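A quick write-up on the structure given underneath.
By convention in this document, chain letters (A, B, ...) are assigned in the order of the sequence lines, proteins followed by strands, and residues within each chain are numbered from 1. Just so we're clear, the structure is a prediction, and the values are computed from it rather than from any experiment.
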There are 2 protein chains.
Amino acid sequence: MLEQMGKAAKAASYKLALLSSREKNQVLEKIADALEAQSDAILAANRQDVDEARKNGLSEAMLDRLALTTARLAGIAGDVRQVCNLADPVGQVIDGGLLDSGLRIERRRVPLGVIGVIYEARPNVTVDVASLCLKTGNAVILRGGKETCRTNAATVRVIQQALEACGLPAGAVQAIESPDRALVNEMLRMDQYIDMLIPRGGASLHKLCREQATIPVITGGIGVCHTLVDESAEIAPALDVITNAKTQRPSTCNTLETLLVHKAIACDFLPELSQRMADNGVTLHADPNVFSLLSDGPATVVPVKPEEYDNEFLSLHLNVKLVDSLDEAIEHIRTHGTQHSDAILTRNIRHAERFVNEVDSAAVYVNASTRFTDGGQFGLGAEVAVSTQKLHARGPMGLEALTTYKWIGFGDNTIRA
Amino acid sequence: MLEQMGKAAKAASYKLALLSSREKNQVLEKIADALEAQSDAILAANRQDVDEARKNGLSEAMLDRLALTTARLAGIAGDVRQVCNLADPVGQVIDGGLLDSGLRIERRRVPLGVIGVIYEARPNVTVDVASLCLKTGNAVILRGGKETCRTNAATVRVIQQALEACGLPAGAVQAIESPDRALVNEMLRMDQYIDMLIPRGGASLHKLCREQATIPVITGGIGVCHTLVDESAEIAPALDVITNAKTQRPSTCNTLETLLVHKAIACDFLPELSQRMADNGVTLHADPNVFSLLSDGPATVVPVKPEEYDNEFLSLHLNVKLVDSLDEAIEHIRTHGTQHSDAILTRNIRHAERFVNEVDSAAVYVNASTRFTDGGQFGLGAEVAVSTQKLHARGPMGLEALTTYKWIGFGDNTIRA
């Protein structure tokens, strides 16, 4: 079955690659309209998914994430229309020139072809990913969380009808409807048909993909993010940045998880940190060097377990560790970080420069919150994923990350000397 | 042992990333000088490799490829000095701007970190790859063909001494000296230390890497390249292009392997093709539709076996197949091509445009030889590999393909709203 899907996707990708931006936007408009016009079918499928998830004992928070309403679906359709407004990178000439041989070459941006996306149980992602792939002329094979399989199937049927109404093959957007995990393993080895794989999910999914996939994989989305409070940091603004980085939306991958505090500022800084974190309901996981200092303060403090330095808490918990030097801080980040987002708070320009150069992460910040690592914040217009590997795309991935390029050589029966 | 090498390489990569272009060029000059000054040690090791290879019955052509001489080594040292003249992409600001939030961001080109390269028994590649990696601030772990293991070990020792003389760690350039294949499998799973893997070699090595590696792999170097002689092609110049593409250096991956001939030009074209290929010693592998037409000509003709359409002959053999249409030609290339280099010879501007848009290869040519797909020809200054996958880099890979970027955000204690 997957073989058939792969063939259909590849065939569709050849057609999508030839569409103009206007044609692609027309398809997206059609999809947005169809999602609203056929909301009954999608909402009915979604109710079944939510009912079953409730029976299976999912938390209310998870159920809320699964559930669609007319308003949410209208929001999703609105997001599709927003994608029409984004600049289309396909067709852009990156560079080129006339070679001594007389050959004129150019490097032209083209779609990747077929993209595979494995994602969590979020019904909005289905439409979001499909619209970004279509905008860039790519076919896509989706495999969403099993809790939303009926919703996804219904949504993809609506999208496929809209595609066909525009004279395009349904194979352009397909979903693996069965929740069978074996199909994921099969999908990971479809290098003949899928050009790039984006896993969106936890560390175990990324590990599975890295180990099993024969397709190039974009791994990312795991953020054990650090902020160093350097000896020269300004305490009041530093607390604002830390509060933003930890509490603005704790469940995100760019949330601060470990605070490194220079020993020279610790005595002044830690009591104030305790107060501010207490005000925001943050539990501190303190290393032995700061535990006694913090345990006098109002914030809840527990001793940090060594393995917690590798934790993505995704909740109101924060490791606090004393460091003797900038070197020790950098070393800690190299050892425990996930190369996502790390920040230094300092007034020392040399320390800022060293931190930026020596911390090997997708995003490094000086006197700013790690929460900025986001396609929307960075002005990319959209975010397909946040990559923490170094090939192809690093950090927030916009539409350009869904493209590759080809070299085109125009000659007049030109030969190589 | 590999674990130690990985750790040493990662540690060295942090130091290399901080070097200026001038410092890196000084290291390269030192290496070039050392290769010449210590040529005795390298040549002695090479003689042992060649002697053993001769005992093992390697062909004279292969032995010649293995053998170093004082002159060849001087040439290799000269190539290292050439690398000094290349522009260093590291540190370049790709783009950036001031966000509404007040955060100033830039995307800065940085080294990848540690690069793993698995390659054939060519002693020059050891130095070539090491110098390109160092130029871009990367550490490298080399695993060359077992026939050159003594030469590679001696060469790397010379490079390491030069590194240390410049105050840099020997871990920046390391070679896996043992010919044990199990070490390759181990290397493929060192995702903790190696950021990118470049296999240079045949299809089986690429398949092994795709299937076993947990590190991002650049696959490429396999070229089943096509040229379509369209109905409107000009016969005499077409023969020049085909001769160039097939015979200029038949052992290369951008060599023409299958000629597709439009039926409307076949009767005029094929007799002339036979003459020209006979003049150049090319054996034709003809499909049944052209066999009789070709068998009257002077060139040696054999019936093509269906599996030969997937062959990289790398020698003076050429498949010839009749096609009814441009569509059939494109379909053949999609089915049998390796997404390397494909060309159309035509006077029809619409066919040229369709071929360029619809053939999904790293390089597509109009009225030119496929032999142009080369870093040097394309003006990249150097060629690390030719990628036939679509992520990160496609086609000839220059120095830029050995880099990634990081996002740097400068704030004034800036928080996300």
Side-chain angles (χ1 to χ4, degrees), chain A residues 14 17-18 97 99 101 103 105 110 112-113 191 195-196 210-211 214 216-218 234 237-238 240-241 244-245 248 334 345 356-358 360-369 371-374 377-379 389-392 394-396 404-416, chain B residues 14 17-18 97 99 101 103 105 110 112-113 191 195-196 210-211 214 216-218 234 237-238 240-241 244-245 248 334 345 356-358 360-369 371-374 377-379 389-392 394-396 404-416:
Chain A
Y14 293 133
L18 301 178
L99 306 182
S101 55
L103 190 72
I105 60 166
V110 297
L112 276 167
D191 52 85
D195 295 289
M196 177 167 89
R210 210 165 45 233
E211 295 191 343
T214 59
V217 179
I218 298 288
E234 295 171 290
D240 293 340
V241 171
N244 183 259
Q248 199 222 8
R334 285 178 179 168
L345 306 177
V356 160
N357 291 335
E358 299 183 31
D360 185 23
S361 297
V364 285
Y365 296 95
V366 176
N367 296 330
S369 166
R371 283 280 295 133
F372 280 109
T373 308
D374 173 271
Q377 293 290 319
F378 278 8
Q389 48 96 64
K390 295 177 177 176
L391 263 68
H392 188 64
R394 200 174 189 201
T404 180
Y405 54 79
K406 62 166 69 161
W407 297 88
I408 303 172
F410 298 97
D412 185 7
N413 298 305
T414 311
I415 62 173
R416 178 165 169 182
Chain B
Y14 293 132
L18 301 178
L99 306 183
S101 56
L103 190 73
I105 60 166
V110 297
L112 275 167
D191 52 85
D195 295 288
M196 177 168 88
R210 210 165 44 233
E211 295 191 345
T214 58
V217 178
I218 298 288
E234 295 171 290
D240 292 341
V241 172
N244 184 259
Q248 200 222 9
R334 285 178 181 168
L345 307 177
V356 160
N357 290 334
E358 298 183 30
D360 184 25
S361 297
V364 285
Y365 296 95
V366 175
N367 296 329
S369 166
R371 285 279 297 133
F372 280 108
T373 308
D374 174 272
Q377 292 290 319
F378 279 7
Q389 49 96 64
K390 295 176 178 178
L391 262 69
H392 188 63
R394 200 176 188 197
T404 181
Y405 53 82
K406 61 167 68 160
W407 297 89
I408 304 172
F410 299 97
D412 184 8
N413 297 305
T414 311
I415 63 172
R416 179 166 168 181

Notebook entry, point to check: Relative to chain A, which of B:Glu234, B:Arg210, B:Met196 shows the most heavy atom pairs under 4.5 Å?
Noted result: B:Arg210
Next item on the list: Can you measure from CZ (A:Arg371) to CG (B:Leu103) and round to the nearest 0.5 angstrom?
Entry: 13.5 Å
Item checked: B:Ile218 side chain near A:Leu391 side chain, heavy-atom distance below 4.5 Å -> yes
Notebook entry, point to check: So, do B:Leu99 and A:Phe378 sit near enough that their side-chain heavy atoms are less than 4.5 Å apart?
Noted result: yes
Item checked: Least distance between heavy atoms, A:Pro396 atom then B:Trp407 atom -> CD-NE1, 3.8 Å
Check: Can you list the residues that meet the side chain to side chain contact (heavy atoms under 4.5 Å, CB included) rule with B:Ile415, with sequence neighbours excluded?
Finding: A:Val241, A:Asn244
Checklist line | Engaged part of A:Gln248 at the chain B interface, taking heavy atoms whose separation is under 4.5 Å | finding: side chain
Checklist line | Side chain / backbone / both / neither for A:Ala363 at chain B, heavy atoms under 4.5 Å | finding: both
Margin query: Looking at chain A, which one of B:Glu358, B:Glu211, B:Arg394 has the largest number of heavy-atom pairs inside 4.5 Å, strictly under?
Written below: B:Arg394
Next item on the list: Tell me, out of B:Ala368, B:Ala245, B:Gly409, B:Pro216, who's got the most heavy-atom pairs with chain A below 4.5 Å.
Entry: B:Gly409
Notebook entry, point to check: Heavy-atom distance under 4.5 Å between the side chains of B:Arg416 and A:Asp374, does that happen here?
Noted result: yes
Notebook entry, point to check: Once you round to the nearest 0.5 Å, how far does CG of A:Asp191 lie from CD of B:Gln389?
Noted result: 11.5 Å
Note to self: Tell me every residue that passes side chain to side chain contact (heavy atoms under 4.5 Å, CB included) with A:Asn357, counting only those two or more places apart in sequence or in another chain.
What the structure shows: A:Glu353, B:Leu18, B:Arg108
Note to self: Please classify the contact of A:Ser361 with chain B as side chain, backbone, both or neither, using a heavy-atom distance under 4.5 Å.
What the structure shows: backbone
Checklist line | Pairs of heavy atoms under 4.5 Å with chain B: top-ranked of A:Asp240, A:Asp412, A:Val110 | finding: A:Asp412
Check: Taking C-beta and beyond as the side chain, do B:Asn413 and A:Asn367 meet within less than 4.5 Å on heavy atoms?
Finding: yes
Next item on the list: Can you measure from OH (A:Tyr365) to OG1 (B:Thr414) and round to the nearest 0.5 angstrom?
Entry: 11.0 Å
Checklist line | Nearest heavy-atom neighbours spanning A:Lys390 and B:Thr404 | finding: O-OG1, 2.8 Å
